[in-house]
**Q** 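Below you'll find the structure I mean.
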Amino acid sequence: MDPDSEVTFEFVPVIRQYKSGRVERLLPTNPVPPSVDAATGVTSKDATVDPATGLWARLYLPAAGADDKLAIVVYLHGGGLVAGSAADAPEHAFLNRLCARARVLAVSVEYRLAPEHPVPACYDDAWAALRWAASAADPWIRDHGDRDRVFVVGYSAGGNIAHNVALRAAGSDRPVRIGGLGLVHPYFLSGEKGLAEGEMKHAWLRAKLEEMWAFACAGRTTGLDDPRVNPVADGAESLTRLRLACGRVLVCLAEDELWFRGKAYYDGLLGSGWAEEDAELLDSVGEDHQFFLQEPESAMALALMDRLVALFSRNQ
């Protein structure tokens, strides 16, 4: 069989890889350039973070106002560690709305994707971008950003990366203090064999997500209890350590295949000593994984936006 047509891994509708190494990303993409957004007045631009790896980020600055300095939000897009982009139209539109509503300066990270760049490349890129943002290397951040108010938000796979970069900040000899961590429908898994009754309806999709983790790691993983994808596995670094780098955590759940693992993560926070006032939960009952991107004016999407705004606004 032709190695350029023989499929070695497939997860429809996300990605397909052939024996030759050729990769097809199946998710519809609609990359848009940085701009001045007519609806919100937010201005965006792209900036190089690390020329050596090609890492870049899209920065978002709200229209001029009375703020002396703006909180800095490092944002990590979704896509299962293998797809997605900071330039995708739905993510771009979400960042415009978020910056206008919360009056923050956002740094949306174009981290490298597997399988061309297996895990831990995504974590390394997120860490480099966080340090870059906190150092005010870009003139927008230098002139408008408040380096004492840095937040990290991630959606889906980006939620996984956000958790891991916060743990790295906690253990770094060059720490970055994170005011708050926002995990929106985070991509966490577990090696537990027994499925809760409510997980059964997502069994096929859960199985594909489990396969995709190994695929994204190029096989270099201890499996589904790898602490990078299961932060509450036996032997995983204690969630108490997050407090060394992070003031509070907001976990946002949807009624999707990741709900049970996201809830286990939140319960793990409370079980490791986090108070409910510092570890908050938003459960968008009846909504799917991407609802806040697809229906941004819905009541649930606006409620999620309000909780993120509150995360950035609350005194540290």
**Q** Check for a donor-acceptor pair, side chain of Glu91 on one end and backbone N or O of Gly78 on the other, with a separation under 3.5 Å.
**A**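 Checked: pair present.
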
**Q** Is there a donor-acceptor contact under 3.5 Å from the side chain of Thr221 to the main chain of Gly223?
**A**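 Yes, the answer is positive, given that a donor and an acceptor are paired below the 3.5 Å cut-off.
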
**Q** Apart from Val12 itself, what residues make up its hydrophobic cluster when side-chain heavy atoms of I, L, V, M, F, W and Y under 4.5 Å apart count as a link, directly or indirectly?
**A**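 Under the 4.5 Å side-chain rule, Val12 groups with Leu26.
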
**Q** Of Leu209, Asn160, Leu253, which is the lone residue that meets side chain to side chain contact (heavy atoms under 4.5 Å, CB included) with Leu258?
**A**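 Considering Leu209, Asn160, Leu253, a side chain to side chain contact (heavy atoms under 4.5 Å, CB included) with Leu258 is found only for Leu209.
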
**Q** Please list, chain by chain and in numerical order, all residues satisfying side chain to side chain donor-acceptor pair (under 3.5 Å) with Asp46, sequence neighbours excluded.
**A**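 Partners of Asp46 by the side chain to side chain donor-acceptor pair (under 3.5 Å) criterion, ordered by chain and then number, come out as Arg58.
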
**Q** Side-chain contact, heavy-atom cut-off 4.5 Å: Val104 with Phe151?
**A**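 Val104 does not reach Phe151 side chain to side chain.
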
**Q** Do the non-hydrogen side-chain atoms of Arg142 and Pro139 ever get within less than 4.5 Å of each other?
**A**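 They are in contact (side-chain heavy atoms under 4.5 Å apart), so the answer is yes.
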
**Q** Would you tell me whether Ser284 and Glu255 have side-chain atoms, one donor and one acceptor, within less than 3.5 Å of each other?
**A**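 No, Glu255 and Ser284 have no side-chain donor paired with an acceptor closer than 3.5 Å.
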
**Q** ring-ring contact (aromatic ring centres under 6.0 Å, His included) with Tyr123: which residues, sequence neighbours excluded?
**A**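 Counting only residues at least two positions away or on another chain, Tyr123 forms no ring-ring contact (aromatic ring centres under 6.0 Å, His included).
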
**Q** Please determine whether ring-ring contact (aromatic ring centres under 6.0 Å, His included) holds for the pair His185 and Phe291, giving the CA-CA distance in whole Å, both sets of side-chain angles, and the decisive distance to 0.1 Å.
**A** CA-CA 11 Å; His185 315 161; Phe291 78 90; 5.7 Å; yes

**Q** Can you give me the closest heavy-atom contact between Ala236 and Pro231, atom names plus distance?
**A**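 Answer, listing the atom of Ala236 first, then Pro231: CB-O, 3.4 Å.
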
**Q** Identify the heavy atoms of Pro90 and Leu293 that sit nearest to each other, and give their distance.
**A**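 Shortest heavy-atom contact: O-CD2, 3.8 Å.
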
**Q** Is there a side-chain contact between Ile161 and Leu81, using heavy atoms and a 4.5 Å cut-off?
**A**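 Yes, at least one pair of side-chain atoms sits under 4.5 Å.
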
**Q** Please determine whether residues Leu302 and Leu308 belong to a single hydrophobic cluster, defined as Ile, Leu, Val, Met, Phe, Trp and Tyr linked transitively by side-chain heavy-atom distances below 4.5 Å.
**A**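 No, no single cluster joins them.
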
**Q** Is any NZ, NE, NH1 or NH2 atom of the basic residue among Glu116 and Arg25 found under 4.0 Å from an Asp or Glu carboxylate oxygen of the other?
**A**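 Salt bridge present between Glu116 and Arg25.
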
**Q** By side chain to side chain donor-acceptor pair (under 3.5 Å), which residues pair with Tyr266, not counting sequence neighbours?
**A**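 With neighbours one apart ignored, the set is empty.
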
**Q** Do the non-hydrogen side-chain atoms of Ser85 and Thr29 ever get within less than 4.5 Å of each other?
**A**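 Ser85 vs Thr29: side chains apart.
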
**Q** Any idea which heavy atoms bring Leu242 and Ala166 closest together, and the distance?
**A**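 So the two residues come closest at CD2-CB, 3.7 Å.
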
**Q** Keeping Trp274 on the side-chain end and Leu239 on the backbone end, is there a donor-acceptor pair under 3.5 Å?
**A**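 Here the side-chain-to-backbone pair exists.
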
**Q** Using only atom types and a distance under 3.5 Å, with no angle test, would you say the side chain of Asp50 pairs donor to acceptor with the backbone of Leu55?
**A**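 No; judged by distance alone, with no hydrogens or angles, the pair does not exist.
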
**Q** Look only at the side chain of Arg248 and the backbone of Leu311, and say whether a donor-acceptor pair between them is shorter than 3.5 Å.
**A**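 A pair under 3.5 Å: yes.
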
**Q** Holding to side-chain contact (heavy atoms from CB on, under 4.5 Å), I want the full list of residues that pass it with Lys69, two or more places apart in sequence or in another chain.
**A**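 Listed in chain order: Asp146.
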
**Q** Between Lys19 (side chain) and Asp2 (backbone), is there a donor-acceptor pair under 3.5 Å?
**A**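 No; judged by distance alone, with no hydrogens or angles, the pair does not exist.
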
**Q** Should Val119 and Leu224 be regarded as members of a common hydrophobic cluster, given that ILVMFWY residues are connected when their side-chain heavy atoms come within less than 4.5 Å of each other, either directly or indirectly?
**A**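 Yes, Val119 and Leu224 fall within the same hydrophobic cluster.
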
**Q** So, do Phe9 and Met212 sit near enough that their side-chain heavy atoms are less than 4.5 Å apart?
**A**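 Touching, per the 4.5 Å side-chain cut-off.
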
**Q** Going by the side chain to side chain contact (heavy atoms under 4.5 Å, CB included) test, name the single residue among Tyr75, Tyr60, Trp132, Trp140 that passes it with Val107.
**A**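 Exactly one pass, corresponding to Trp132.
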
**Q** Return each pair, listed once, that meets salt bridge (charged side-chain N to carboxylate O under 4.0 Å, His left out) where at least one residue sits in residues 288-307; pairs must be two or more places apart or across chains.
**A**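 Passing the test, one end in residues 288-307: Arg101-Asp306, Glu280-Arg307.
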
**Q** Within the 4.5 Å heavy-atom criterion, are Arg228 and His163 side-chain neighbours or not?
**A**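 No, side chains not in contact.
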
**Q** Before giving the answer on side chain to side chain contact (heavy atoms under 4.5 Å, CB included), spell out for Ile141 and Leu105 the whole-Å C-alpha distance, their side-chain angles and the decisive distance to 0.1 Å.
**A** CA-CA 8 Å; Ile141 302 176; Leu105 191 162; 4.0 Å; yes

**Q** Test of understanding: with side chain to side chain donor-acceptor pair (under 3.5 Å), list the residues that count as partners of Arg22, not counting sequence neighbours.
**A**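 Scan of Arg22 (side chain to side chain donor-acceptor pair (under 3.5 Å), adjacent residues dropped) gives Asp4, Glu24.
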
**Q** Hydrophobic clustering (ILVMFWY, side-chain heavy atoms < 4.5 Å, transitive) - are Phe260 and Leu270 grouped together?
**A**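 Yes; tracing contacts between hydrophobic side chains, which count when under 4.5 Å, links both residues.
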
**Q** Hey, what else clusters with Tyr18 if you join Ile, Leu, Val, Met, Phe, Trp, Tyr whenever side-chain heavy atoms sit under 4.5 Å?
**A**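 Result for Tyr18 is Val7.
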
**Q** Do the side chains of Val150 and Leu130 get nearer than 4.5 Å, heavy atoms only?
**A**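 Yes; the side chains approach each other to less than 4.5 Å.
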
**Q** Quick check: closest heavy atoms across His77 and Ala83, and the distance to 0.1 Å?
**A**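 Smallest heavy-atom distance, with atoms named: CE1-O, 3.5 Å.
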
**Q** Looking only at atom types and distance, does a side-chain atom of Arg16 sit under 3.5 Å from a main-chain N or O of Glu10, one as donor and one as acceptor?
**A**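 Not confirmed, Arg16 side chain does not pair with Glu10 backbone.
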
**Q** Where do His92 and Ser108 land on the side chain to side chain contact (heavy atoms under 4.5 Å, CB included) test, with the steps shown first?
**A** CA-CA 9 Å; His92 178 76; Ser108 184; over 6 Å; no

**Q** Please step through side chain to side chain contact (heavy atoms under 4.5 Å, CB included) for the pair Asn230 and Leu189, ending with a clear verdict.
**A** CA-CA 5 Å; Asn230 185 1; Leu189 301 172; 5.8 Å; no

**Q** Kindly give the heavy-atom pair with the smallest separation between Pro115 and Val23, and that separation in Å.
**A**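 Closest approach of Pro115 to Val23: CG-CG2, 3.7 Å.
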
**Q** Using the rule that two of Ile, Leu, Val, Met, Phe, Trp, Tyr join whenever any of their side-chain heavy atoms come within less than 4.5 Å, decide whether Leu167 and Leu244 are in one cluster.
**A**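 No, because Leu167 and Leu244 fall into different hydrophobic clusters, even though each may have its own neighbours under 4.5 Å.
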
**Q** Donor-acceptor check, side chain of Thr43 to backbone of Val36, threshold 3.5 angstrom: yes or no?
**A**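 No: the side chain of Thr43 does not pair with the backbone of Val36.
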
**Q** Determine whether Tyr111 and His117 make a side-chain contact, defined as any pair of heavy atoms from C-beta on separated by less than 4.5 Å.
**A**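 No, every pair of side-chain atoms sits at 4.5 Å or beyond.
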
**Q** Between Phe188 and Val232, is the side chain to side chain contact (heavy atoms under 4.5 Å, CB included) condition met? List the steps.
**A** CA-CA 10 Å; Phe188 296 137; Val232 297; over 6 Å; no

**Q** Can you sort out the partners of Arg97 under salt bridge (charged side-chain N to carboxylate O under 4.0 Å, His left out), two or more places apart, ordered by chain and number?
**A**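 With neighbours one apart ignored, the set is empty.
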
**Q** Under the salt bridge (charged side-chain N to carboxylate O under 4.0 Å, His left out) definition, can you give me all pairs with a residue in residues 127-141, not counting sequence neighbours?
**A**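 Residue pairs with at least one partner in residues 127-141: Lys45-Asp138.
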
**Q** How close do Leu95 and Ala106 get, heavy atom to heavy atom, and via which atoms?
**A**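 Heavy atoms only, the tightest pair is CD1-CB, 3.5 Å.
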
**Q** Answer with yes or no after comparing the ring centroid distance for Tyr155 and Phe292 against a 6.0 Å cut-off, counting only values under it.
**A**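 Ring-ring flag for Tyr155/Phe292: true, centres closer than 6.0 Å.
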
**Q** Sequence neighbours left out, what passes side chain to side chain donor-acceptor pair (under 3.5 Å) with Gln294? Give chain and number order.
**A**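 Here no residue qualifies.
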
**Q** Which value, rounded to the nearest 0.5 Å, describes the distance between His144 atom NE2 and Leu61 atom CG?
**A**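 It is 5.0 Å, given to the nearest 0.5 Å.
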
**Q** Would you check if the distance from the ring center of Tyr187 to the ring center of His289 is below 6.0 Å?
**A**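 No: the rings miss the under 6.0 Å criterion.
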
**Q** According to a hydrophobic-cluster definition based on side-chain heavy atoms being under 4.5 Å apart (Ile, Leu, Val, Met, Phe, Trp, Tyr only), do Trp56 and Leu113 belong together?
**A**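 No, Trp56 does not connect to Leu113 through the hydrophobic network.
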
**Q** Can you spot which of Thr40, Leu70, Asn96 makes a side chain to side chain contact (heavy atoms under 4.5 Å, CB included) with Pro62?
**A**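 By the side chain to side chain contact (heavy atoms under 4.5 Å, CB included) criterion, Pro62 pairs with just one of Thr40, Leu70, Asn96: Leu70.
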
**Q** Who pairs with Asp37 by salt bridge (charged side-chain N to carboxylate O under 4.0 Å, His left out), at least two apart in sequence or on another chain?
**A**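 Partners of Asp37 under the salt bridge (charged side-chain N to carboxylate O under 4.0 Å, His left out) test: none.
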
**Q** In Å and rounded to the nearest 0.5 Å, what is the OG to CZ distance from Ser313 to Arg149?
**A**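 With rounding to 0.5 Å, OG (Ser313) is 8.0 Å from CZ (Arg149).
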
